[in-house]
2 protein chains.
Amino acid sequence: MSLPKPKVTISDVARVAGVSSSAVSYALNDKPGVSAATRDKVLKVADSLGWRPNSAAKSLSDASTRSIGLVLTYDTAVLSVETYTMELIAGLSSELEKEGYSLTIRYASSQKSEMDVLRDWIATGGVDGVLLTNIELGDPRVDLFCDHPELPVLLLCDSSVAGGLPALSDDEQSSAHLLVDYCHELGHQRIARVAGPEALSHTFIRDNAFMEETAELNLQYSCLHSDYSPDGGRRCTDRLLSLPNPPTAIIYDNDIMALSAMRMAQELEMDIPGELSIIAWDDSFLCQVNMPSITALSRDVVGRGRASARALLDMIDGQTFESTTDVTSEIIFRDSSGPLIA
Amino acid sequence: MSLPKPKVTISDVARVAGVSSSAVSYALNDKPGVSAATRDKVLKVADSLGWRPNSAAKSLSDASTRSIGLVLTYDTAVLSVETYTMELIAGLSSELEKEGYSLTIRYASSQKSEMDVLRDWIATGGVDGVLLTNIELGDPRVDLFCDHPELPVLLLCDSSVAGGLPALSDDEQSSAHLLVDYCHELGHQRIARVAGPEALSHTFIRDNAFMEETAELNLQYSCLHSDYSPDGGRRCTDRLLSLPNPPTAIIYDNDIMALSAMRMAQELEMDIPGELSIIAWDDSFLCQVNMPSITALSRDVVGRGRASARALLDMIDGQTFESTTDVTSEIIFRDSSGPLIA
DNA sequence: TTGTAGGCGTTATCAC
DNA sequence: GTGATAACGCCTACAA
């Protein structure tokens, strides 16, 4: 139980080593301008004194914080059931760790307060880069960052809505086609979709892709928008099943809604998948472990987080980033989907 | 699309307002030493120029970062299924937001690298406070912070293992008793528990509490330790059910293991809860939505996160924190538990 | 009430 | 190769 140690600074090291503070700085940063002997001595002294760079001083001096920012906007209840954000954080932080970067998280309860946080980061250099998710159509954050190219930003959204900003896209297009084609191959003629909020850009992208592909294949297609919640999923499923000619396959924009639909179907004693195929966009432990297990489109969200961090680090490093599209989505075939049993 | 604005500093404000920089500082921080007229002018100018305090400079000057630190240690796969960490983060960040604090997250892939991060925070003041979770018996982090009282820390663990450091405890003791008593009331004579890793301090606390209470009530009790994973849960369940006199009620230390046990029981076509009661320690959407739904001990993890943030903020503010114990746990009675049907 | 000066710890630019 | 010195932006004695 030693005493609270006073912080040891570069000038302490300089004094003990008997050299100037600039010599110490050079030695510590492995830069030329210092002899090998001096460097060795400095390193030894720094180590014995337990010197660590002071991040605030470094930030002030070189205007970098060695951290990237993420704003959490969903309310706390949604964050608890959705694993997406946690996976993203896990991927981000694990990649950042390799460079000694940290992830700075801020919670914002409204769009306005999120904008405040972002403006603050831009104005003060509170972070070296920012990751933006859940981009909406006409999202003010896009305009904000278009106006401030000095702060690296990466959007997780389709490049068509990124306003020219760097974006890491999912190939929602092909994924939608993949799912529609799969239903078609199973022989389904009437398929439906319970989508996420209409304001979200990826919902919009998916909407278009589904309409396109179903038209192409001459399938009957209906789509209802909901809010990713269990209740929302139920309500939409109820409406769809009440149609005169109900769909025989329903695709849900998240696992939660798919699961609640599954519950409902079981309560109605429907045969899954004999009477109805249920498919989730976004795989999770939930889909895997449910009985019957739920067919799902799987994306590597953790990997996406890693790639995002990598891209941001590169941009901070001065490299220009070209928007890319992930094509790793695949359907995990499980028990909730199959051909109709007439 | 304006030009990248140069950062506006306090001296810019001073120049435009025609006063000294210290006057600006006083005015901006609402401190005495400046006339009302000057203050008004300064505030107006600062606002029109869009001045924001530079966090690095402020940190350097007053040795505070307005952020608290959290190290993520589980591997990314576990973080994806467990909602505990996400709930904690949601609670923490939402409470911190009220004071304009941010949450600094670091990922550490080993205990050694976690210690490095913590030592770094201590040595450089990279954060104003630290939250420690998943405390183990003889955890080196406890010793580290005992040696460094200068950095506020809060442990989420039983105060008996906190080494005198501030701790926010769950009342594991009463929770364990609650669960055992419940099983007893249902008429179960042989109960078992599939616990988490033995090294974790809260596992240890629970182990003792269970042994105590089951002895008290003269119940047969067996306990196996596992790793919170689906596979681990299965293996332990299998072993328990293979005993000559298998338990008729099993309590699992997390929802994941309880769920995998449920799957297994269903595959064996066991009657749940007629032949076996399954209970989870830690509620989640999983427990709620499963069929049959799973009886679970529910804790308010988001609230715990909030309380942690509040406590840390108070400590940073100089207040002394007395360790407290949460007593909000309650059993959510669902379909997976009930009396034996002989 | 106001302005000046020095410090926080680091990096970078100069002379030497 | 080395060591002063200024700069980063803010805060706070202290002096005017």
Side-chain angles (χ1 to χ4, degrees), chain A residues 5-43 45-46 49-67 100 120-126 128 150, chain B residues 5-43 45-46 49-66 100 120-128 150:
Chain A
K5 288 156 196 153
K7 311 231 185 288
V8 27
T9 77
I10 228 171
S11 58
D12 293 325
V13 178
R15 194 167 22 76
V16 175
V19 297
S20 76
S21 62
S22 49
V24 175
S25 179
Y26 286 136
L28 258 15
N29 293 307
D30 216 27
K31 289 194 175 167
V34 71
S35 70
T38 308
R39 161 166 299 137
D40 282 354
K41 195 197 310 174
V42 166
L43 291 180
V45 171
L49 257 47
W51 175 87
R52 310 251 182 159
N54 178 303
S55 44
K58 192 177 208 131
S59 296
L60 183 57
S61 173
D62 68 3
S64 90
T65 60
R66 299 191 75 75
S67 85
D120 195 68
W121 279 343
I122 290 171
T124 72
D128 291 354
E150 70 269 25
Chain B
K5 289 154 194 153
K7 310 231 185 287
V8 26
T9 76
I10 228 171
S11 58
D12 294 325
V13 178
R15 195 167 22 75
V16 175
V19 297
S20 76
S21 61
S22 55
V24 175
S25 178
Y26 289 137
L28 258 15
N29 293 306
D30 215 28
K31 288 194 174 167
V34 70
S35 70
T38 308
R39 160 166 299 135
D40 282 353
K41 191 188 325 164
V42 167
L43 291 180
V45 171
L49 257 46
W51 175 87
R52 308 251 183 159
N54 178 302
S55 44
K58 190 173 210 134
S59 296
L60 184 57
S61 168
D62 67 5
S64 89
T65 61
R66 298 193 74 75
D120 195 68
W121 279 343
I122 289 170
T124 73
V127 295
D128 291 355
E150 70 270 24

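Quick note: numbers below take in every heavy atom, side chains included, and nothing from hydrogens, waters or symmetry partners. Naming: A, B, ... by sequence-line order, numbering from 1 per chain.
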**Message:** Can a donor-acceptor pair be found, under 3.5 Å and without considering hydrogens, that links the side chain of A:Ser59 to the backbone of A:Ser55?
**Reply:** yes
**Request:** Would you kindly give the CG-to-P distance between A:Leu49 and C:dG9, to the nearest whole Å?
**Result:** 14 Å
**Prompt:** A:Lys58 side chain N/O closer than 4.0 Å to the phosphate oxygens (OP1, OP2) of C:dG9?
**Reply:** no
**Separation of atom CZ in A:Arg39 from atom P in D:dT2, rounded to whole Å** = 10 Å
**Message:** Please confirm whether the shortest side-chain N or O distance from B:Asn54 to OP1 or OP2 of D:dC8 is below 4.0 Å.
**Reply:** no
**Request:** Begin from the C-alpha positions of B:Lys58 and A:Thr124 and carry the test side-chain contact (heavy atoms from CB on, under 4.5 Å) through to its verdict.
**Result:** CA-CA 11 Å; B:Lys58 190 173 210 134; A:Thr124 72; over 6 Å; no
**Message:** Quick one, B:Ser20 with B:Val24, criterion side-chain contact (heavy atoms from CB on, under 4.5 Å). Give me CA distance, side-chain angles, the key distance, then yes/no.
**Reply:** CA-CA 7 Å; B:Ser20 76; B:Val24 175; over 6 Å; no
**Message:** Can you work out whether A:Ala57 or B:Ala36 has the more 5'-proximal nearest nucleotide on DNA chain C?
**Reply:** B:Ala36
**Which nucleotide in C:dC8, D:dG3, D:dT5 has an atom nearest any side-chain atom of A:Ser21** = D:dT5
**Prompt:** Between B:Lys31 and D:dC11, does any side-chain N or O lie under 4.0 Å from OP1 or OP2?
**Reply:** no
**Fill in**
note: B:Tyr26, atom OH; D:dA13, atom P; distance rounded to Å ~ 7 Å
**Request:** Quickly work out the A:Trp51 CH2 to C:dG9 C1' distance and round it to whole Å.
**Result:** 9 Å
**Item:** Residue-phosphate contact under 4.0 Å: A:Ser61 side-chain N/O, C:dT11 OP1/OP2
**Value:** no
**Prompt:** How long is the line joining CG of A:Asp40 and P of D:dG1, in whole Å?
**Reply:** 14 Å
**Message:** One pair to check against side-chain contact (heavy atoms from CB on, under 4.5 Å): A:Ile10 and A:Trp51. What are the steps and the verdict?
**Reply:** CA-CA 7 Å; A:Ile10 228 171; A:Trp51 175 87; 4.2 Å; yes
**Complete:** When rounded to whole Å, the CD1 to P distance for the pair A:Ile10 and C:dG9 reads 11 Å
**Message:** On the side chain of B:Ser22, is there an atom forming a donor-acceptor pair with the base of C:dT4 - under 3.5 Å, no angle test?
**Reply:** yes
**Request:** Would you check if there is a donor-acceptor pair between the side chains of B:Asp128 and B:Thr65 at a distance under 3.5 Å?
**Result:** yes
**Asked** OP1 or OP2 of D:dG1 sitting under 4.0 Å from any side-chain N/O of A:Ser35?
**Response** no
**Asked** With respect to the phosphate group of C:dT11, does any side-chain polar atom (N or O) of A:Ser25 fall under 4.0 Å of OP1 or OP2?
**Response** yes
